[in-house]
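The block underneath contains the structure these notes are about, expressed in structure tokens.
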Amino acid sequence: MNLGFNFGPNTLSISTTTTTGSKFSPSLIFTTPISHPQTNSSGSKSLFFRVQNIDHNHIESTPTTPFMASQQGIQQGNPTGHPVVFLHGGPGGGTSPSNRRFFDPEFYRIILFDQRGAGKSTPHACLESNTTWDLIDDIEKLREHLEIPEWQVFGGSWGSTLALAYSQSHPDKVTGMVLRGIFLLRKKEIDWFYEGGAAAIFPDAWEPFRDLIPENERGCFIDAYKKRLNSDDIETQYAAARAWTKWEMMTAHLFPNEENVKRGDDDYFSLAFARIENHYFINKGFFPSDSFLLDGVDKIRHINTIIVQGRYDMCCPIMSAWDLHKAWPEADFRVVADAGHSANEPGIAAELVAANEKLKNILKNKGD
């Protein structure tokens, strides 16, 4: 399995600036700085990186002939700033350049990556060797390869699940956390969204999702969709992926967002999004118990954390954020009264920016 930018056997040089950025997945391909920060003609800072192929057991250098890519790299902001890793949702959602908008680029070294099978990871939509624990190992390999002693962790929706699991596995590597749209991957959360709970609020969005499945298979929609998302027929996969993705996209905002809903028409995006989500949900997040993340809060209680939750989040209802808040009252809990699930809703976005500013000020004061 090869994950990340897939540009063949050559070494790749990528220019990364404070004003532009794109996607990257580190699972088996990472970047290494090969020159000092420079200032280009527009006055923005740049770093240059060299890519190496990395497998599960060792780092293997590739040939040293560089070529320039049109894509611009995984790190944005201040190359000597405080590192923060962005964990995208889904799983399977991938990153986008807009993800960096929550961070002060003068203070933060912003690191985005696409998790296994998602975004620019290859093989696309692959489920093999794709578990929560594989992703946690990938995050650690990325941190070590970029020679980052510790970093801030930012994650929303499934990203909050992964952020909690990673931080509980490596609590000494995390300086702070911002969590949004809490998802603990418990059975009642999966049942709420995929077995008819949220349908009471969005019956119009639910019916196309429901109707793809014959009545005799509706006892468990997760199982029924697994069968289709892993069919030998690619058109069957695409039809299931579109229905799965549109259901989530139609419920992700307090007010319908047509641009978001249209993502469900993109077969390439939808297949990774739906297959990987279904894979993780069928396997209960690969956690040993339903309450695994709540049971592990004592391991991370000391980490400065802000929880941001939309009151009317239909995808990840507030019950999960509330349960986390009760287990972890030391964390700063912020409920946005006029928001649903999406990080791009105005109230959610404002609170995420404020949360990063709060952690920034804590770090600055700590350094004084």
Side-chain angles (χ1 to χ4, degrees), residues 18 21-26 74-78 81-115 118-119 132 135-136 138-140 142-143 146 148-171 173-184 293 300 303-310 313 315-316 320-321 324 328 331-334 336 339 341-345 347-364:
T18 59
S22 187
K23 305 175 182 179
F24 182 78
S25 168
I74 66 162
Q75 301 191 73
Q76 295 91 40
N78 185 346
H82 186 76
V84 56
V85 61
F86 180 95
L87 305 181
H88 67 68
T95 61
S96 68
S98 64
N99 296 148
R100 66 187 187 275
R101 66 197 284 257
F102 306 111
F103 310 96
D104 176 359
E106 294 299 316
F107 180 81
Y108 282 109
R109 175 184 176 187
I110 308 158
I111 300 160
L112 310 178
F113 73 94
D114 292 329
Q115 297 157 29
T132 305
L135 299 183
I136 289 171
D138 292 341
I139 296 167
E140 267 300 275
L142 178 60
R143 183 192 62 78
L146 295 178
I148 294 172
E150 55 184 7
W151 52 8
Q152 188 171 310
V153 177
F154 182 106
S157 193
W158 156 257
S160 75
T161 318
L162 185 56
L164 287 165
Y166 170 77
S167 299
Q168 290 177 14
S169 297
H170 302 281
K173 307 304 181 187
V174 180
T175 62
M177 279 194 289
V178 176
L179 307 175
R180 187 266 313 165
I182 300 303
F183 181 42
L184 302 175
L293 294 176
I300 56 174
I303 298 174
N304 289 314
T305 299
I306 298 98
I307 300 167
V308 177
Q309 178 70 36
D313 188 333
C315 302
C316 300
S320 299
L324 182 61
W328 194 5
D332 184 351
F333 182 47
R334 304 180 182 184
V336 182
H341 181 68
S342 174
N344 296 319
E345 294 185 72
I348 298 283
E351 286 291 356
L352 293 175
V353 170
N356 283 316
E357 287 295 293
K358 177 181 178 179
L359 293 182
K360 180 181 81 172
N361 290 328
I362 290 172
L363 290 164
K364 280 186 169 181

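Here Ser342 pairs with His253, Asn344, Glu345 under the side chain to side chain contact (heavy atoms under 4.5 Å, CB included) rule; sequence neighbours left out. For Ala163, the side chain to side chain contact (heavy atoms under 4.5 Å, CB included) partners at least two apart in sequence or on another chain are Leu87, Val153, Met177, Leu179.
Of the inter-residue distances, the one linking Phe113 atom CZ with Asp138 atom CG reads 7.0 Å to the nearest 0.5 angstrom. Here the OG1 atom belonging to Thr175 is positioned 8.5 Å from the CD1 atom belonging to Ile303, to the nearest 0.5 angstrom. Rounded to the nearest 0.5 Å, atoms OG (Ser96) and NE2 (His88) are 10.5 Å apart. Gln309 CD to Leu324 CG: the interatomic distance, rounded to the nearest 0.5 Å, is 10.0 Å. To the nearest 0.5 Å, the span separating CD1 on Ile362 from CG on Asn304 amounts to 4.0 Å. Atom NE2 in His341 sits 9.0 Å away from atom CZ in Phe183 (nearest 0.5 Å).
Scanning all heavy atoms of the two residues, the minimum distance from Leu352 to Ala343 falls at CD1-CB, 3.9 Å. Taking all atoms of both residues into account, the shortest heavy-atom contact from Ala118 to Gly94 is CB-N, 3.9 Å. Across all non-hydrogen atoms, the minimal contact from Ser160 to Ile182 is OG-CA, 3.6 Å. Here the closest heavy-atom approach between residue Ala321 and residue Phe333 is recorded as CB-CE1, 3.8 Å. Closest non-hydrogen pair, Pro83 versus Ile148, comes out as CG-CG2, 3.5 Å.
Using modelled atom types and a 3.5 Å distance limit, the side chains of Tyr108 and Gln76 yield no donor-acceptor pair.
Residues Ile139 and Leu162 meet the side-chain proximity criterion, which asks for heavy atoms closer than 4.5 Å. A 4.5 Å side-chain heavy-atom check between Asp332 and Lys358 finds at least one atom pair inside the cut-off. Within the 4.5 Å cutoff, no side-chain heavy atoms of Val84 are placed close to those of Arg109. Looking at Val174 and Glu150, their side chains never come closer than 4.5 Å, going by heavy atoms from C-beta outward. At least one side-chain heavy atom of Gln152 sits under 4.5 Å from a side-chain heavy atom of Asn356. Using a 4.5 Å heavy-atom threshold, the side chains of Val178 and Phe102 count as separate. Counting only heavy atoms from C-beta outward, the side chains of Glu140 and Lys173 approach each other to under 4.5 Å. The closest side-chain heavy-atom distance from Val308 to Val336 is below 4.5 Å.
At distances below 3.5 Å, at least one donor-acceptor pair connects side-chain atoms of Asn78 with backbone N or O atoms of Glu106. No side-chain donor-acceptor contact under 3.5 Å links Ser167 to the backbone of Leu164. Proximity of a side-chain donor or acceptor of Asp313 to a complementary backbone N or O of Gly181 within less than 3.5 Å is not detected. Of the possible polar contacts, one joining the Asn361 side chain to the Glu357 backbone as a donor-acceptor pair under 3.5 Å is found. Not one N or O on the side chain of Arg180 forms a donor-acceptor pair closer than 3.5 Å with the backbone of Ile348.
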Item to check | side chain to side chain contact (heavy atoms under 4.5 Å, CB included) evaluation trace for Thr305 with Trp328 | outcome: CA-CA 10 Å; Thr305 299; Trp328 194 5; 3.1 Å; yes
Item to check | Audit row: Arg334, Ile306, side chain to side chain contact (heavy atoms under 4.5 Å, CB included) steps and yes/no | outcome: CA-CA 7 Å; Arg334 304 180 182 184; Ile306 298 98; 3.7 Å; yes
Checklist entry - Hey, mind stepping through Phe154 and Phe103 against ring-ring contact (aromatic ring centres under 6.0 Å, His included) and telling me if it holds? => result CA-CA 10 Å; Phe154 182 106; Phe103 310 96; 5.0 Å; yes
